[in-house]
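Below is one structure, written out as structure tokens; comments come after it.
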Amino acid sequence: MFICNHCPFVKHLKKDFVKLSNFYMKKGLAVVAISSNSVSTHPQDGPELMAEEAKLFQYPFPYLYDETQEVARDFGAVCTPEFFLFKKDGRRPFELVYHGQFDDSRPSNNVPVTGRDLSLAIDCVLSGQPVSSIQKPSVGCSIKWHPERQTYNL
């Protein structure tokens with residue numbers, strides 16, 4: 001999952017994606033969180049404060065910093081939170097089977113946080129069933145890309 005510290009959409013789901021991760025990690029799911037935001041524009045999303053956040057909310061998964069933003073670009077991530085679920089069958093390469101939202105809850109819509117969309121996809125993978133191709137995209141804060149470097153010719 002791509003997350004960050006400052007985004008209200010991430011804050012809204014944080015306790016629940018920790019709970020969901022704890023539940024499914026016991027069933028064999030591997031979970032990783034990545035922050036790709038530029039610290040030059042959003043210092044609160046940098047490694048030191050990420051470590052504090054991970055400790056405060058007892059993240060049971062690694063919370064990694066994508067300093068070059070290459071990981072976000074390679075995944076095609078555009079916002080936080082954004083969820084990617086891969087399945088692995090034997091020696092075959094990892095296969096992306098879900099790319100979408102946690103659920104329909106948003107910070108201001110009064111829809112309860114359930115994790116339904118992501119949970120259904122995980123349940124399908126763990127039980128060997130196909131994951132629905134109907135997947136709602138994530139809604140959240142855009143990834144804060146590094147500012148373009150200006151070059152001047154004299």
Side-chain angles (χ1 to χ4, degrees), residues 1-25 28-88 93-122 125 131 133-154:
M1 69 183 113
F2 286 84
I3 62 172
C4 67
N5 292 351
H6 87 276
C7 177
F9 290 85
V10 174
K11 290 179 178 183
H12 177 69
L13 301 176
K14 192 172 296 177
K15 289 179 182 170
D16 293 278
F17 66 64
V18 167
K19 194 184 314 178
L20 181 136
S21 297
N22 278 317
F23 178 78
Y24 284 110
M25 287 171 77
L29 182 74
V31 178
V32 175
I34 302 168
S35 176
S36 296
N37 283 354
S38 173
V39 291
S40 64
T41 60
H42 289 74
Q44 67 271 42
D45 291 338
E48 287 178 17
L49 295 175
M50 288 169 57
E52 289 177 21
E53 189 90 351
K55 188 174 180 180
L56 179 66
F57 287 92
Q58 298 180 322
Y59 286 1
F61 44 75
Y63 186 19
L64 309 175
Y65 183 58
D66 176 20
E67 184 176 6
T68 65
Q69 301 182 319
E70 287 179 31
V71 176
R73 289 185 204 288
D74 287 348
F75 272 76
V78 295
C79 70
T80 61
E82 190 166 4
F83 300 90
F84 294 80
L85 177 65
F86 293 85
K87 86 173 183 183
K88 178 87 168 115
F94 283 96
E95 177 188 354
L96 177 65
V97 294
Y98 181 81
H99 175 199
Q101 68 175 9
F102 193 70
D103 60 23
D104 288 324
S105 186
R106 307 289 182 261
S108 59
N109 73 359
N110 295 320
V111 172
V113 178
T114 62
R116 181 179 183 275
D117 295 51
L118 183 58
S119 293
L120 286 172
I122 295 169
V125 168
V131 176
S133 60
I134 300 168
Q135 302 175 6
K136 295 180 184 176
S138 293
V139 174
C141 303
S142 63
I143 289 182
K144 308 308 179 211
W145 302 105
H146 294 308
E148 295 293 321
R149 292 205 170 93
Q150 298 293 326
T151 58
Y152 299 98
N153 292 327
L154 298 176

**Prompt:** Tell me, do Ser38 and Trp145 make a side-chain contact under 4.5 Å, heavy atoms counted?
**Reply:** no
**Message:** A quick test of your reading: do over 12 heavy atoms of other residues, nucleotides or ligands sit less than 6.0 Å from CD1 of Ile134?
**Reply:** no
**Request:** Without swapping roles, check the side chain of Asn37 against the backbone of Lys144 for a donor-acceptor pair under 3.5 Å.
**Result:** yes
**Asn110 CG: over 12 foreign heavy atoms closer than 6.0 Å** = no
**Message:** Would Phe17 and Val31 count as a side-chain contact (heavy atoms from CB on, under 4.5 Å) here? Give the steps.
**Reply:** CA-CA 10 Å; Phe17 66 64; Val31 178; over 6 Å; no
**Request:** Determine the minimum heavy-atom distance between Phe75 and Phe84, stating which atoms define it.
**Result:** O-CE2, 3.4 Å
**Asked** Taking the side chain from His146 and the backbone from Glu67, do they hold a donor-acceptor pair closer than 3.5 Å?
**Response** yes
**Request:** Over 60° means perpendicular and under 30° means parallel, so classify the ring planes of Phe57 and Tyr59, tilted if in between.
**Result:** tilted
**Rounded distance [0.5 Å steps], CZ in Phe9 versus OG in Ser105** = 10.0 Å
**Request:** Look at the SG atom of Cys141 and the SG atom of Cys79, then say if they are under 2.5 Å from each other.
**Result:** no
**Asked** Looking at CG of Leu85 and CG of Leu120, how far apart are the two atoms once the value is rounded to the nearest 0.5 Å?
**Response** 11.5 Å
**Asked** Within the distance-only criterion (no hydrogens, no angle test), does the side chain of Asp45 pair as donor or acceptor with the backbone N or O of Asn5 below 3.5 angstrom?
**Response** yes
**Request:** Examine distances only and state if a side-chain atom of Ser35 and a backbone atom of Tyr65 form a donor-acceptor pair shorter than 3.5 Å.
**Result:** no
**Request:** Please round to the nearest 0.5 Å and tell me the distance separating atom CD1 of Ile143 and atom SG of Cys4.
**Result:** 8.5 Å
**Message:** Any side-chain to backbone donor/acceptor pair from Gln135 onto Val97? Under 3.5 Å, distance only.
**Reply:** yes
**Request:** Answer yes or no: does atom CD of Gln44 have more than 12 heavy-atom neighbours from other residues, nucleotides or ligands under 6.0 Å?
**Result:** yes
**Message:** Run the side-chain contact (heavy atoms from CB on, under 4.5 Å) test on Val32 and Phe61 for me, step by step, so that the C-alpha distance in whole Å, both residues' side-chain angles and the decisive distance to 0.1 Å come before the verdict.
**Reply:** CA-CA 6 Å; Val32 175; Phe61 44 75; 5.9 Å; no
**Message:** Evaluate Tyr98 against Leu118 for side-chain contact (heavy atoms from CB on, under 4.5 Å), listing each step before the verdict.
**Reply:** CA-CA 8 Å; Tyr98 181 81; Leu118 183 58; 3.9 Å; yes
**Check: Glu95 side chain, Lys87 main-chain N or O, donor-acceptor pair, under 3.5 Å** = no
**Request:** Apply salt bridge (charged side-chain N to carboxylate O under 4.0 Å, His left out) to Lys88 and list each qualifying residue two or more places apart in sequence or on a separate chain.
**Result:** none
**Item:** Under-4.0 Å salt bridge between Lys136 and Asp104
**Value:** yes
**Request:** Name the orientation class of the two ring planes belonging to Phe102 and Phe83 (parallel below 30°, tilted from 30 to 60°, perpendicular beyond 60°).
**Result:** tilted
**Request:** Identify the heavy atoms of Pro81 and Val139 that sit nearest to each other, and give their distance.
**Result:** CD-O, 4.1 Å
**Message:** Looking at Arg73, I'd like to know if its CZ atom is crowded, meaning that more than 12 non-hydrogen atoms belonging to other residues, nucleotides or ligands lie closer than 6.0 Å.
**Reply:** yes
**Item:** Closest non-hydrogen atom pair between Arg116 and Asp103, with its separation
**Value:** N-CB, 3.7 Å
**Asked** Is a side-chain donor or acceptor of Asn22 paired with a backbone partner of Val18 at a separation under 3.5 angstrom?
**Response** yes
**Message:** Has Asp66 got a side-chain atom pairing as donor or acceptor with Ala72's backbone, closer than 3.5 angstrom?
**Reply:** yes
**Request:** With rounding to the nearest 0.5 Å, note down the distance linking OG in Ser119 to CG in Leu20.
**Result:** 4.0 Å
**Prompt:** If you round to the nearest 0.5 Å, how far is CZ of Phe2 from OG1 of Thr80?
**Reply:** 10.5 Å
**Request:** Taking all heavy atoms of Ile3 and all of Ala33, pick out the closest pair and write down the distance.
**Result:** CD1-CB, 3.7 Å
